[in-house]
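Start at 1 with the first residue, then count along the sequence. Any value given below was found using the heavy atoms of this structure, including those in side chains, with hydrogens, waters and symmetry copies removed.
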Amino acid sequence: MVLKKYMLVSFLLLFFFGNITAQELDVLTKEQAISETLKNNFGITIASNNLKIADNNRSILNSRYLPSLTGNAGANYDLQDQEATFQDGNKNVIDGAETTRYNASLNLNYVLFDGLGRLYDYKALKEQYDLTELQARETIETTMLQLFTVYYEVARISENINVLEETFSNTKKRLTRAEYAFEYGQNNKLDVLNAEVDIVTDSINLLNARQELINAKRDLNVITNSDLERRFAADTTVGFIPQLTLDAYIEVADTANVRLLQAKKNQNISNYNYKSSKSIYLPSVGLTGSYGWNEGNFPATNFLASNRSVGFAAGVSLSWDFFDGGSGITSVKNARIQMENQDVFLKQFEKEVTRDIYNARGDYLNRLQIFRLQEQNVITANNNYERSNERYKLGQISSVELRQAQLNLLNAKTNKNLAKYQAKLAELQVLQLAGQLLNISF
């Protein structure tokens, strides 16, 4: 009866997960995951579109350096009853007097000088593009960290499933051995019952882990914007950057960290905005030009029967606001304060980034050391399980003691898997803070 129960559990596991295993032959490499994310991720797509907007804004077409050219045309028609009295007393009465007027012109306006306002505004737009580019880079870096957090979670659960399957297999062997031993009277029913409980527990753990794996893969498919039900296997290979290389990256973090670079760009933009605001103290000079055509046809009450003119016109204008009620002066003062604030923000970011790098580096080294210890712990737990298994076969220990050794090995292996990926993610965090996350190969 017990053997039938065990066979039923095994059949259910194979039925529900056998096809999934067959479909997971293709490995989604880290490079493929990165490529898909850069191409399809929603957040990165939005950041790329924002960069296009910033590129349009920094164009010469948005700089106010180009002249404006407008065309005007019009036609007027008047129909009136008119009575005209001349100086000699004669009168002229016309019913339905018609007057027509036509005009067309091209008008050119160009600001020769506006107090240097547009010069600094144009420079600020170029800095704004660089800032948007850095913001897009930050979005990519954040998305990459999110990608590998989920990718390594898939890899960790996959490795845990292998450990759970091995544990399930060992428990199955123990159940079979206990069944035969009970049939031949070598032990009591307790060993069989303990094995039954353990195999159900192992089955449940395996079922839960497989469901966690399916959920984690869906999370990864969302990040890569792929089919949610796509099946794949994750690459469980993890390598760490040499410590000297990592320290070299940290040394140049002040020139590569994306937050610091953004703060410096904001400082430059604020500086240009302040200089632009001071353009109110200088005059503006403009150039106007036009080419026009005018024609009119008048009734007999007018001195002219018709009139027509065609020609060019040009002019230069100067405008100087000596006092605008104080709003311009207020804007200059506020722009200067904003510039000072950006200087303070930059110093704050420098301090915070330095702290974050030191904390991240310490966390990484600590997690790396834990991983090395967990590797050694797996070796110890494995040796302990092998010896306990041999002693159990010889009847020197009980099934409870063997189960404890088995659980110790299971925990050691799963803890090692967790420590490995936590250390790798901590390393990636250091690289992101050092501004090198997008410059390394995975």
Side-chain angles (χ1 to χ4, degrees), residues 1-14 16-17 21 152-213 216 236 238 366-423:
M1 184 65 181
V2 174
L3 187 58
K4 290 182 179 179
K5 290 181 180 179
Y6 158 70
M7 292 179 63
L8 177 60
V9 173
S10 301
F11 172 77
L12 290 175
L13 289 172
L14 291 174
F16 282 110
F17 301 112
T21 304
Y152 286 136
E153 180 66 6
V154 172
R156 182 187 71 84
I157 297 175
S158 298
E159 288 197 280
N160 283 352
I161 288 176
N162 292 334
V163 175
L164 290 170
E165 288 176 344
E166 181 182 358
T167 302
F168 178 83
S169 177
N170 290 333
T171 306
K172 175 189 68 175
K173 294 177 182 178
R174 180 162 65 88
L175 175 61
T176 303
R177 185 184 308 115
E179 284 282 351
Y180 285 129
F182 177 71
E183 290 178 3
Y184 289 102
Q186 296 178 355
N187 61 10
N188 55 31
K189 186 68 174 180
L190 181 61
D191 283 348
V192 176
L193 295 175
N194 287 337
E196 285 183 12
V197 172
D198 292 341
I199 200 168
V200 171
T201 300
D202 293 344
S203 301
I204 293 173
N205 292 338
L206 191 55
L207 285 169
N208 288 334
R210 290 188 180 277
Q211 185 59 48
E212 289 177 4
L213 180 62
T236 58
V238 171
N366 182 64
R367 291 181 182 277
L368 187 62
Q369 183 64 25
I370 291 175
F371 170 57
R372 302 305 182 196
L373 292 175
Q374 292 290 0
E375 284 185 314
Q376 184 61 43
N377 192 39
V378 169
I379 296 175
T380 302
N382 187 68
N383 291 336
N384 179 60
Y385 174 72
E386 294 295 336
R387 293 176 182 176
S388 297
N389 196 32
E390 292 298 324
R391 294 181 64 190
Y392 175 73
K393 292 178 181 179
L394 297 175
Q396 296 177 351
I397 62 174
S398 66
S399 61
V400 175
E401 292 174 295
L402 176 62
R403 178 61 175 180
Q404 187 58 52
Q406 186 185 34
L407 292 178
N408 290 340
L409 178 59
L410 171 64
N411 292 332
K413 288 184 176 181
T414 55
N415 289 337
K416 185 206 73 171
N417 293 337
L418 178 62
K420 177 174 69 171
Y421 294 113
Q422 285 182 336

Checklist entry - Residues in side chain to side chain donor-acceptor pair (under 3.5 Å) with Glu212, at least two apart? => result none

Next on the checklist: Taking side chain to side chain donor-acceptor pair (under 3.5 Å) as the definition, give me every residue that meets it alongside Asn194, ordered by chain and number, with sequence neighbours left out.
Outcome noted: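 Checked Asn194 against side chain to side chain donor-acceptor pair (under 3.5 Å); matches are Ser399.
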
Any donor-acceptor N/O pair, [X] side chain to [Y] backbone, under 3.5 Å:
X: Thr201; Y: Val197; result: yes
X: Asn377; Y: Leu373; result: no
X: Asn384; Y: Thr380; result: no
X: Gln211; Y: Asn208; result: no

What are the two closest non-hydrogen atoms of [X] and [Y], and how far apart are they?
X: Ile397; Y: Ser388; answer: CD1-O, 3.1 Å
X: Lys420; Y: Phe371; answer: CB-CE1, 3.3 Å
X: Gln374; Y: Ala412; answer: OE1-O, 4.2 Å
X: Ile157; Y: Ala216; answer: CD1-CB, 4.2 Å

Checklist entry - Taking it one step at a time, do Ile161 and Glu165 satisfy side chain to side chain contact (heavy atoms under 4.5 Å, CB included)? => result CA-CA 6 Å; Ile161 288 176; Glu165 288 176 344; 3.7 Å; yes

Item to check | Tyr392/Asp191 under side chain to side chain contact (heavy atoms under 4.5 Å, CB included): CA gap, chis, key distance, verdict | outcome: CA-CA 11 Å; Tyr392 175 73; Asp191 283 348; 4.1 Å; yes

If we only count heavy atoms from C-beta on, is the [X] to [Y] side-chain gap below 4.5 Å?
X: Tyr385; Y: Leu410; result: no
X: Arg177; Y: Lys393; result: yes
X: Asn383; Y: Glu386; result: no
X: Arg210; Y: Leu206; result: yes

Next on the checklist: Can you confirm whether the side chains of Gln406 and Thr171 place a donor and an acceptor under 3.5 Å from each other?
Outcome noted: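 Present: a donor and an acceptor within the cut-off.
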
Checklist entry - With sequence neighbours excluded, what pairs up with Arg372 under the salt bridge (charged side-chain N to carboxylate O under 4.0 Å, His left out) test? => result Glu375

Next on the checklist: Which residues pass the salt bridge (charged side-chain N to carboxylate O under 4.0 Å, His left out) test with Asp202, not counting sequence neighbours?
Outcome noted: Arg403

Checklist entry - Among all residues two or more places apart in sequence or in another chain, which pass the ring-ring contact (aromatic ring centres under 6.0 Å, His included) test with Tyr421? => result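 Result, ring-ring contact (aromatic ring centres under 6.0 Å, His included) vs Tyr421: Tyr152.
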
Using the side-chain contact (heavy atoms from CB on, under 4.5 Å) criterion, which residues pair with [X]? Sequence neighbours excluded.
X: Gln422; value: Arg367, Leu418
X: Ser158; value: Val154, Leu213
X: Glu166; value: Asn170, Lys413
X: Asn417; value: Arg156, Glu159, Asn160, Val163

Checklist entry - Passes side chain to side chain contact (heavy atoms under 4.5 Å, CB included), Glu196 versus Leu193? Steps please. => result CA-CA 5 Å; Glu196 285 183 12; Leu193 295 175; 4.1 Å; yes

How long is the gap from [atom1] on [X] to [atom2] on [Y], to the nearest 0.5 Å?
X: Asp198; Y: Arg174; atom1: CG; atom2: CZ; answer: 4.5 Å
X: Leu407; Y: Thr167; atom1: CG; atom2: OG1; answer: 8.0 Å
X: Thr176; Y: Lys173; atom1: OG1; atom2: NZ; answer: 10.0 Å
X: Asn415; Y: Ile370; atom1: CG; atom2: CD1; answer: 10.5 Å

Next on the checklist: Using the rule given for side chain to side chain contact (heavy atoms under 4.5 Å, CB included), can you reason through Gln369 versus Asn366, listing the C-alpha separation, both sets of side-chain angles and the distance that settles it, and then say yes or no?
Outcome noted: CA-CA 5 Å; Gln369 183 64 25; Asn366 182 64; 5.6 Å; no

